[in-house]
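One-based numbering along the sequence shown.
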Amino acid sequence: MKTEGFRNMQAALTELDTDEAVRQAEYLYDAKVPLLEIIHSAVLPAAEKLSRDFDAGRLYIPQMLLAADVFETVLQVLSDDYQTEKETLAQGRIEVYTVSGDIHDIGKQLVTSVLRAHGFEVLDLGRSVSASEAIAQAKDWRAEVIIGFALMTSTVPEQRELMDLLREKEMRHDFEVLVGGRQISPAWARHIGADGYARDAAEAVRLTNEMVHGHRRERETHR
């Protein structure tokens with residue numbers, strides 16, 4: 001039963017048991033459970049529990065880094081499985097990263113996995129990436145959308161740094177910018193001049209799709 005699979009996978013993730021988490025992921029895939037349902041019913045609850053435990057001082061940085069590796073492995077397995085069922089649609093070129101000083105990248109991994117499963121090309125720069133590096137990589141890779149995550153209160157201002165630097169370099173209109181993270185709100189996105197805020201992976205896919213098409217229409221208009 002998929003409910004038991006969700007429960008077992010969630011438990012394996014919170015216990016940082018990579019092998020068991022992968023087994024449960026494969027079980028749910030074989031049972032033809034949709035990827036977004038696995039994300040929302042097993043992966044996301046596990047990520048939220050680990051984040052609460054870290055905030056409460058029950059987990060420490062080394063454990064969170066290990067957790068990030070566990071989630072990355074499981075999400076890569078799921079992404080590979082579901083991507084083989086889809087023709088690559090070249091939906092858009094998306095750069096994702098976690099801002100400088102922030103070591104929490106589980107949320108970024110969730111969004112990356114779901115975007116890839118929906119046919120987007122994704123360049124994942126990893127954790128603790130500076131605004132200048134994010135812009136340089138986006139330019140070189142010809143990204144259409146930049147998604148910057150900030151999961152710690154102390155690192156949220158780094159998202160504004162990205163926007164300020166884009167304006168300073170006169171590159172603001174070269175990319176659509178989406179921000180995410182537990183500490184982020186739509187009001188913050190508007191305040192710093194970002195193009196949107198995604199509260200979860202499903203909304204990230206919807207907004208990214210809208211942004212890619214809007215970006216392409218704008219470029220066609222200015223040709």
Side-chain angles (χ1 to χ4, degrees), residues 47 51 54-55 61 64-65 67-69 71-72 75 91-116 118 120-201 203-219 222:
S51 294
F54 179 80
D55 292 341
I61 289 177
M64 289 304 291
L65 292 174
D69 290 341
F71 276 73
E72 181 177 12
L75 288 169
Q91 296 278 41
R93 296 170 69 85
I94 318 301
E95 176 187 274
V96 301
Y97 74 102
T98 302
V99 300
S100 180
D102 202 316
I103 54 94
H104 293 60
D105 68 347
I106 294 174
K108 172 185 63 62
Q109 292 172 5
L110 291 171
V111 171
T112 297
S113 179
V114 175
L115 285 172
R116 284 175 174 158
H118 280 78
F120 292 94
E121 293 182 76
V122 182
L123 175 64
D124 184 351
L125 300 184
R127 60 174 78 101
S128 194
V129 177
S130 69
S132 59
E133 177 67 12
I135 292 171
Q137 293 279 359
K139 179 181 178 181
D140 289 345
W141 193 63
R142 293 178 290 111
E144 295 168 281
V145 178
I146 298 174
I147 308 180
F149 293 86
L151 285 302
M152 299 167 64
T153 304
S154 61
T155 62
V156 168
E158 292 293 326
Q159 291 179 326
R160 176 160 47 194
E161 174 69 14
L162 173 73
M163 304 308 302
D164 290 345
L165 198 53
L166 283 171
R167 287 186 282 265
E168 179 183 315
K169 291 176 175 290
E170 299 184 348
M171 297 174 65
R172 176 61 189 92
H173 299 296
D174 292 351
F175 314 100
E176 301 295 313
V177 180
L178 186 62
V179 294
R182 291 193 307 137
Q183 311 295 335
I184 310 306
S185 68
W188 170 253
R190 290 192 297 270
H191 177 68
I192 65 175
D195 297 300
Y197 156 76
R199 67 177 181 272
D200 57 31
E203 185 163 352
V205 170
R206 180 181 65 79
L207 289 174
T208 298
N209 189 57
E210 291 176 1
M211 287 179 177
V212 166
H213 286 88
H215 184 75
R216 290 176 178 177
R217 284 195 300 270
E218 184 175 347
R219 295 188 67 171
H222 288 87

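For the atom pair T155 OG1 and Q183 CD, the distance stands at 8.0 Å (nearest 0.5 Å). Taking OG of S132 as the start and NZ of K169 as the end, the distance is 7.0 Å to the nearest 0.5 Å. Atom-to-atom distance recorded for H213:NE2 and T208:OG1 is 11.5 Å, nearest 0.5 angstrom. We find the CE-CG distance between M171 and L165 to be 8.5 Å, quoted to the nearest 0.5 Å. Rounding to the nearest 0.5 Å gives a distance of 6.0 Å between CD of Q137 and CG of L123. Note that the CG atom of L110 and the CD atom of E72 stand 11.5 Å from one another [nearest 0.5 Å].
For the pairing with K108, the side chain to side chain donor-acceptor pair (under 3.5 Å) check across D124, D102, T98 returns one residue only, D124.
Ion pairing between a basic and an acidic side chain is recognised when a charged N comes within 4.0 Å of a carboxylate O; D200 and R206 show no such pairing.
Contact record, H215 with H173: CE1-O, 4.0 Å, taken as the closest heavy-atom pair. Closest heavy-atom contact between A138 and I146: CB-CD1, 3.8 Å. The minimum heavy-atom distance between A67 and I106, with the atom names listed, is CB-CD1, 4.1 Å. The shortest non-hydrogen separation linking G101 to S128 is N-OG, 2.9 Å. When all heavy atoms are compared, the tightest approach of L166 to F175 is CD2-CD1, 3.9 Å. Between V179 and A189 the shortest heavy-atom distance is CG2-CB, 3.8 Å.
No donor-acceptor pair closer than 3.5 Å links the side chain of E95 to the backbone N or O of A143. Here the side chain of Q159 pairs no donor or acceptor atom with the backbone of V99 at under 3.5 angstrom. Side-chain atoms of R167 do not come within 3.5 Å of backbone N or O of G193 as any donor-acceptor pair. D195 places a side-chain N or O within 3.5 Å of a backbone atom of V177 that can act as its donor or acceptor partner.
For the pair N209/F120, a side-chain contact is recorded, criterion being any heavy-atom separation below 4.5 Å from C-beta on. Residues E176 and E210 are not in side-chain contact: their nearest non-hydrogen atoms beyond the backbone lie 4.5 Å or more apart. Side-chain atoms of F54 and I61, non-hydrogen and from C-beta on, do get closer than 4.5 Å to each other. With contacts defined as side-chain heavy-atom distances shorter than 4.5 Å, the pair W141/L125 does not qualify. Contact check for L115 versus V205: side-chain heavy atoms found under the 4.5 Å cut-off. R127 places none of its side-chain heavy atoms less than 4.5 Å from the side chain of F149.
Listed by first and then second residue, the salt bridge (charged side-chain N to carboxylate O under 4.0 Å, His left out) pairs involving residues 133-158 are E144-R216 (not counting sequence neighbours).
Atom CZ of R199 is surrounded by 12 or fewer heavy atoms from other residues, nucleotides or ligands within 6.0 Å.
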Check against side chain to side chain contact (heavy atoms under 4.5 Å, CB included), T112 and Q109 | CA-CA 5 Å; T112 297; Q109 292 172 5; 5.5 Å; no
Could you please spell out the steps behind the side chain to side chain contact (heavy atoms under 4.5 Å, CB included) verdict for I135 and D174?
-> CA-CA 10 Å; I135 292 171; D174 292 351; over 6 Å; no
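Considering only residues two or more places apart in sequence or on other chains, P157 meets the side chain to side chain contact (heavy atoms under 4.5 Å, CB included) condition with none of them.
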